[in-house]
Amino acid sequence: MTERAYTVIQAFFAGGVLRLTLNNPWRKNAIGPAMVSELLDALAAGAADEAVRCVVLTGAGDAFCAGGDFAQIAGAEGAPPPEMKGDYADLLLAFANSSKPIVARVNGHALGGGLGLVAASHFAIGARGAKLGTPEINVGLFPMMIMAVLQRHVSRRKLLEMMLLGQRLDADEAAQCGLLNKVVEPGALDAAVDEVTSAIASKSPIAVRLGLEAFAAQDDLDLESALPLLRERLAGCLATDDAREGLLAFLEKRKPRWSGR
């Protein structure tokens with residue numbers, strides 16, 4: 001994957017993993033227009049590169065992401081440059097529609113919009129000690145856009161409690177709510193993330209892509225609409241070279257050799 005120069009994120013590619021780091025640690029990696037634009041660009045580049053098998057998102061310093069950059073939201077730092085394209089809603093949609101699995105490496109606090117990125121990721125692994133929450137109500141705002149992704153994981157009653165009281169959950173509570181897949185000690189975070197990315201890398205690339213595309217397509221459909229769509233997507237999956245190789249390898253009791261086709 002071609003190296004790209006960014007200002008408020010870092011992008012590093014190795015071993016099939018595109019690692020994106022929110023790199024604004026002096027403001028706890030708060031999200032502003034520039035960060036949104038750079039994340040959208042990096043995700044699009046990763047989606048177009050067959051060598052990228054999955055994406056890991058994390059934060060620089062001791063925080064994952066403190067949420068929206070209030071200085072920019074309030075206009076204290078002026079309007080964003082005109083070349084900036086896309087907003088936070090576009091970013092959440094890019095996560096939801098990503099054909100490459102996104103793993104949130106939650107190294108520290110994930111609040112507000114930062115929690116939205118965690119909830120929109122396909123996997124989320126958190127370090128014990130991290131806090132996850134929706135503090136917007138405390139500054140006269142409300143977590144409008146992130147409730148769309150939070151409600152996919154958290155029960156209605158718990159979500160309303162979080163949003164109306166501005167609650168911050170510890171990592172273990174967040175896992176119990178479904179916001180995190182796993183909680184580990186900080187020193188074990190990289191190993192836990194590597195376990196997921198290695199497992200993804202061992203699967204058929206085209207099966208992963210087709211599966212995520214189908215999952216996104218059926219996500220909001222009722223059963224009567226979802227099943228015909230998924231029947232069609234299954235037929236497409238069965239027609240791939242990797243499906244034929246996988247079934248043959250199973251019958252021959254050997255590991256499959258994926259071609260990605």
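Treat the numbers as computed from the prediction; the structure is a model and nothing was measured.
Here the closest heavy-atom approach between residue A60 and residue N29 is recorded as O-ND2, 2.9 Å. Considering all non-hydrogen atoms of both residues, L18 and A11 come closest at CD1-CB, 4.3 Å. Of all the heavy atoms in Q167 and E161, the pair that sits closest is NE2-OE2, 2.6 Å. Considering all non-hydrogen atoms of both residues, G133 and L115 come closest at O-CD2, 3.6 Å. Of all heavy-atom pairs spanning F13 and A51, the tightest one is CZ-O, 3.5 Å. Across all their heavy atoms, F64 and G114 have their closest contact at CE2-O, 3.6 Å.
M162 CE to I137 CD1: the interatomic distance, rounded to the nearest 0.5 Å, is 13.0 Å. In this structure, D90 CG and S37 OG are separated by 10.5 Å, a value rounded to the nearest 0.5 Å. Here F250 contributes atom CZ and K255 contributes atom NZ; the two are 16.0 Å apart, rounded to the nearest 0.5 Å. Remark: F95 CZ to L40 CG distance equals 9.0 Å, nearest 0.5 Å. Put simply, OG on S99 and CG on L212 are 7.0 Å apart, with the number rounded to the nearest 0.5 Å. Atoms CG and CG, from L223 and L227 in turn, are 4.5 Å apart once rounded to the nearest 0.5 Å.
Y6 and N23 form no side-chain donor-acceptor contact under 3.5 Å, judged by distance and modelled atom types alone. Side-chain atoms of T7 and E38 include a donor-acceptor pair closer than 3.5 Å.
Put simply, F12 and L189 are part of two different groups of oily side chains (I, L, V, M, F, W, Y) that touch within less than 4.5 Å, one to the next. Cluster membership for V55 and V103, using ILVMFWY side-chain heavy atoms within less than 4.5 angstrom, is not shared. Linking Ile, Leu, Val, Met, Phe, Trp and Tyr whenever their side-chain heavy atoms come within less than 4.5 Å leaves V193 and L117 in two separate clusters. Side-chain heavy atoms closer than 4.5 Å link hydrophobic residues (I, L, V, M, F, W, Y) into clusters, and following such links, even through other members, never connects V52 to I206. I102 and I125 are not part of a single hydrophobic cluster, where members link through side-chain heavy atoms under 4.5 Å apart.
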task = Would you sort out whether V8 and L22 count as a side chain to side chain contact (heavy atoms under 4.5 Å, CB included), showing the intermediate values?
result = CA-CA 6 Å; V8 287; L22 310 180; over 6 Å; no

request  = Determine, stepwise, if the pair M35 / N24 fulfils side chain to side chain contact (heavy atoms under 4.5 Å, CB included).
outcome  = CA-CA 9 Å; M35 185 175 286; N24 192 11; 3.9 Å; yes

query = Going through the distances and angles, do L20 and Q10 end up as a side chain to side chain contact (heavy atoms under 4.5 Å, CB included)?
reply = CA-CA 6 Å; L20 302 179; Q10 292 177 338; over 6 Å; no

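No donor-acceptor pair under 3.5 Å is formed between the side chain of H109 and the backbone N or O of A66. Using modelled atom types, one side-chain atom of Y88 and one backbone atom of G113 make a donor-acceptor pair closer than 3.5 Å. In this structure, T197 contributes its side chain and D194 its backbone to a donor-acceptor pair below 3.5 Å. Listed for the W258 side chain is no donor-acceptor partner under 3.5 Å among the backbone atoms of G246. Between the side chain of R53 and the backbone N or O of A201, at least one donor-acceptor pair lies under 3.5 Å.
The side-chain contact (heavy atoms from CB on, under 4.5 Å) test with V106 is passed by exactly one of L57, V183, V118: V118.
Shown here is R254, whose CZ atom has more than 12 heavy atoms of other residues, nucleotides or ligands within 6.0 Å.
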Please set out all donor-acceptor pairs under 3.5 angstrom arising from side-chain atoms of residues 228-241, sequence neighbours excluded.
unit_1: T240; atom_1: OG1; unit_2: C237; atom_2: O; d: 2.8
unit_1: T240; atom_1: OG1; unit_2: A243; atom_2: N; d: 3.1
unit_1: D241; atom_1: OD1; unit_2: R244; atom_2: NH2; d: 2.5

Side-chain donor-acceptor pairs of residues 173-182 under 3.5 Å, sequence neighbours excluded:
unit_1: E173; atom_1: OE1; unit_2: D170; atom_2: N; d: 2.9
unit_1: N181; atom_1: OD1; unit_2: A124; atom_2: N; d: 2.7

Using distance only, find each side-chain donor-acceptor pair of residues 141-155 under 3.5 Å and give its atom names and separation, not counting sequence neighbours.
unit_1: Q151; atom_1: NE2; unit_2: A148; atom_2: O; d: 3.2
unit_1: R152; atom_1: NE; unit_2: A148; atom_2: O; d: 3.4
unit_1: R152; atom_1: NH1; unit_2: D219; atom_2: OD2; d: 2.0
unit_1: R152; atom_1: NH2; unit_2: D220; atom_2: OD1; d: 3.4
unit_1: R152; atom_1: NH2; unit_2: D220; atom_2: OD2; d: 3.4
unit_1: H153; atom_1: NE2; unit_2: A119; atom_2: O; d: 2.8
unit_1: S155; atom_1: OG; unit_2: K158; atom_2: N; d: 3.3

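For the pair C54 and K100, the minimum side-chain heavy-atom distance is 4.5 Å or more. Two residues are said to be in side-chain contact when any heavy atoms from C-beta on lie closer than 4.5 Å; C65 and I31 meet this criterion. Using a 4.5 Å heavy-atom threshold, the side chains of T134 and L165 count as separate. Put simply, the side chain of R27 reaches to within 4.5 Å of the side chain of D69, judged on heavy atoms.
Using a 4.0 Å cut-off between charged nitrogen and carboxylate oxygen, R261 and D242 do not count as a salt-bridge pair. The residues R209 and E213 are annotated as salt-bridged, a charged nitrogen and a carboxylate oxygen being separated by less than 4.0 angstrom.
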